[in-house]
Amino acid sequence: MGEIDPTRAMLVEADRFLAEREGEVIALTSALVAAPSPNLPGDETAPAAVIERAVVHYGLPAARVLAEQPHRPNLIVRIDGARPGPHLALCGHLDTKPVGEAAAEWRTDPFAPTIEGDRLYGLGSTDMKGSCAAMVLAGAAFARVADRAAGSLSLIFTADEEYGSHFGASYLVRMNAIEADAILLGEPAGIHEDWEAIRVISRGFCGFRVVVGGTQTHSSISDQMPTVNAVEAMANVLVAFRRELRLRYPELPLCLTGPTINLGVKALGGVGYGVLPGHAEFWCDIRTTPGMTRDALAEDVDAALERIRPLVPGATIDWEFNPDLAWMAPTEVLPDDPMVRAVERAAADVLGEAPPLAAFPGATDAWPFHGQGGIPTLAAFGPGLLPLAHGPNEWVSLLALQQAPRIFVDAAIRYGMGDRDG
């Protein structure tokens, strides 16, 4: 008889460990959903406490807590294999978007996890508390075989991903707290179906506002003297800006449509009845692709507004980057990266075949980890569908939740062992 392959033996044991605990990832996801963490305002202490209790429950090393402010904790759990090898981190964020104006559209309480059929409903279920729960189970499975494994696995749970990462991933990078050689973000990988693609590109983010100035005065005299209604002028500027904004970007096989341009994601202006508005503004959200730069984008905005100014005589047009969300750089992990190969093999083991490589439509914590810290970071490969995030009636598939720990631990074992065939 031939010698049993050590990688395959560990994969089988880790899979058996998780198969005996299929319902536990659902229970942990439910506990995280029931621990609110909307951002804004931003406070991750409740889900962080859930993670810390789970880490103790599974006998994992105690979580290291790092926080620039007490209510914005980040957790790191490190599990070392018995032999030297590369270090992979699984990372998920603990904050969610607020319920917001869509509260009335929820069929269930957003903070009361509700199971209907194969779906677990609740705020953050798909983005991305389900993935965080799966990472804890994957860490427990890795610990089960750590006495034979090579390399290390860290579980990183961050704050503040939904509003710029300053208190989360960016803080960890500034503190030199990340020891991993590569990071896998468990953001929802699906658009139309679970596990749709291995998303090696994280689009970047650029936020700015365009400010239109007019004449604030008594509205009854607008027909008696020259005035400029700033809100009317802003409407004309916004329509023209969509036509005139021509962003430059390199053509990439995985980003064939280029950047996503969202103008007027928020508009402000006016005082009320009786007052001709003298100020109006609209905010813009650009999802950038690798190769785009902040300076080049600023030049493109300047050029577009210069072409528009003659269309609104008497009005002033200025613009500025949002100070908190001005620029998050896009990132890319190359297809031959060892982490990508390990994830492809893990996906094939669990799903039957590896999904194609693709870009993630939004920005992720890849920008601080990879763009600032230089750590190769895979933008998204986790359970859930991205269109469900940031809206009412968010849910995650129970099947995808149960598959996620198996994929995560499989990738960690393969990465540490050099992705040897098993």
Side-chain angles (χ1 to χ4, degrees), residues 91 161 164-165 169-170 173 181-185 187-192 196-210 238 240-265 283-308 319-322 324-341 343-344 354-381 386-387:
C91 180
E161 191 274 347
S165 302
S170 184
V173 169
D181 298 305
I183 299 174
L184 166 58
L185 299 180
E187 294 276 6
I191 303 295
H192 306 286
E196 188 173 324
I198 298 171
R199 302 195 180 274
V200 294
I201 290 177
S202 174
R203 274 178 163 174
F205 178 90
C206 178
F208 60 92
R209 65 180 189 137
V210 176
L238 177 55
F241 195 44
R242 164 56 75 178
R243 181 181 65 249
E244 296 293 337
L245 182 60
R246 302 160 193 167
L247 297 177
R248 292 167 290 170
Y249 57 90
E251 293 186 4
L252 300 173
L254 299 183
C255 293
L256 294 176
T257 58
T260 301
I261 301 173
N262 293 293
L263 308 181
V265 292
W283 297 9
C284 302
D285 168 334
I286 309 294
R287 303 304 175 118
T288 59
T289 56
M292 297 180 70
T293 68
R294 175 171 167 161
D295 288 345
L297 187 145
E299 291 173 0
D300 295 340
V301 172
D302 281 333
L305 295 180
E306 190 62 30
R307 291 190 291 269
I308 292 170
W319 76 279
E320 63 181 7
F321 286 111
N322 182 302
D324 297 320
L325 297 169
W327 185 260
M328 302 178 193
T331 64
E332 180 177 13
V333 179
L334 297 178
D336 62 352
D337 186 278
M339 172 177 50
V340 176
R341 293 201 302 266
V343 171
E344 287 179 315
L357 304 185
F360 189 71
T364 68
D365 270 338
W367 84 267
F369 287 137
H370 196 161
Q372 295 178 321
I375 304 168
T377 302
L378 198 152
F381 196 58
L386 187 61

If you round to the nearest 0.5 Å, how far is CH2 of W283 from CG of L325?
9.0 Å
Minimum heavy-atom separation for R287 to P361, with atom names?
CB-O, 4.0 Å
Any idea which heavy atoms bring F360 and A380 closest together, and the distance?
CD1-CB, 3.4 Å
So which heavy atom on Y249 is nearest to which on T257, and how close?
OH-O, 4.2 Å
Side-chain contact test, heavy atoms from C-beta onward, threshold under 4.5 Å: evaluate it for I201 versus P290 and give yes or no.
yes
Output for pair (L245 CG, L263 CG), nearest 0.5 Å, gives 6.5 Å
Side chains of residues 295-304: which donor-acceptor pairs under 3.5 Å do they make with residues two or more places apart or in other chains?
from, atom 1, to, atom 2, distance (Å)
E299, OE1, R248, NH2, 3.0
D300, OD1, R248, NE, 2.8
D300, OD1, R248, NH2, 3.0
D300, OD2, R248, N, 3.0
D302, OD1, W319, NE1, 2.8

Backbone N/O of E320 and side chain of R209: donor-acceptor pair under 3.5 Å:
no
Check whether any side-chain N or O of R199 sits under 3.5 Å from a backbone N or O of A189 as a donor-acceptor pair, and report yes or no.
yes
Spatial distance of atom CD (E332) from atom CG (L378) [nearest 0.5 Å]
11.0 Å
So which heavy atom on A359 is nearest to which on L254, and how close?
CB-O, 3.4 Å
Between G374 and P376 the two heavy atoms that sit nearest each other are O-CD, 3.6 Å
Within the distance-only criterion (no hydrogens, no angle test), does the side chain of E344 pair as donor or acceptor with the backbone N or O of A354 below 3.5 angstrom?
no
Gap separating the CD atom of E187 from the CD atom of E161, nearest 0.5 angstrom
5.0 Å
Interatomic distance, W327 atom CH2 to F208 atom CZ [nearest 0.5 angstrom]
10.5 Å
Mind checking the CZ-CD1 spacing from R242 to I261? Nearest 0.5 Å is all I need.
5.5 Å
Given 3.5 Å as the limit, does a donor-acceptor pair link the side chain of N262 with the main chain of V265, or not?
no
The single option from T331, T288, T289, T260 that satisfies side chain to side chain donor-acceptor pair (under 3.5 Å) with R203 is T260
Show me the donor-acceptor pairs, under 3.5 Å and distance only, between side chains in residues 364-373 and residues at least two apart or in other chains.
from, atom 1, to, atom 2, distance (Å)
T364, OG1, S202, OG, 3.0
T364, OG1, A366, N, 3.0
D365, OD1, S165, OG, 2.6
D365, OD2, T158, OG1, 3.0
H370, ND1, T377, N, 3.4
Q372, OE1, S170, OG, 3.3

Check V210 against C284 and note the closest heavy-atom contact, atom names and distance.
CG2-SG, 4.5 Å
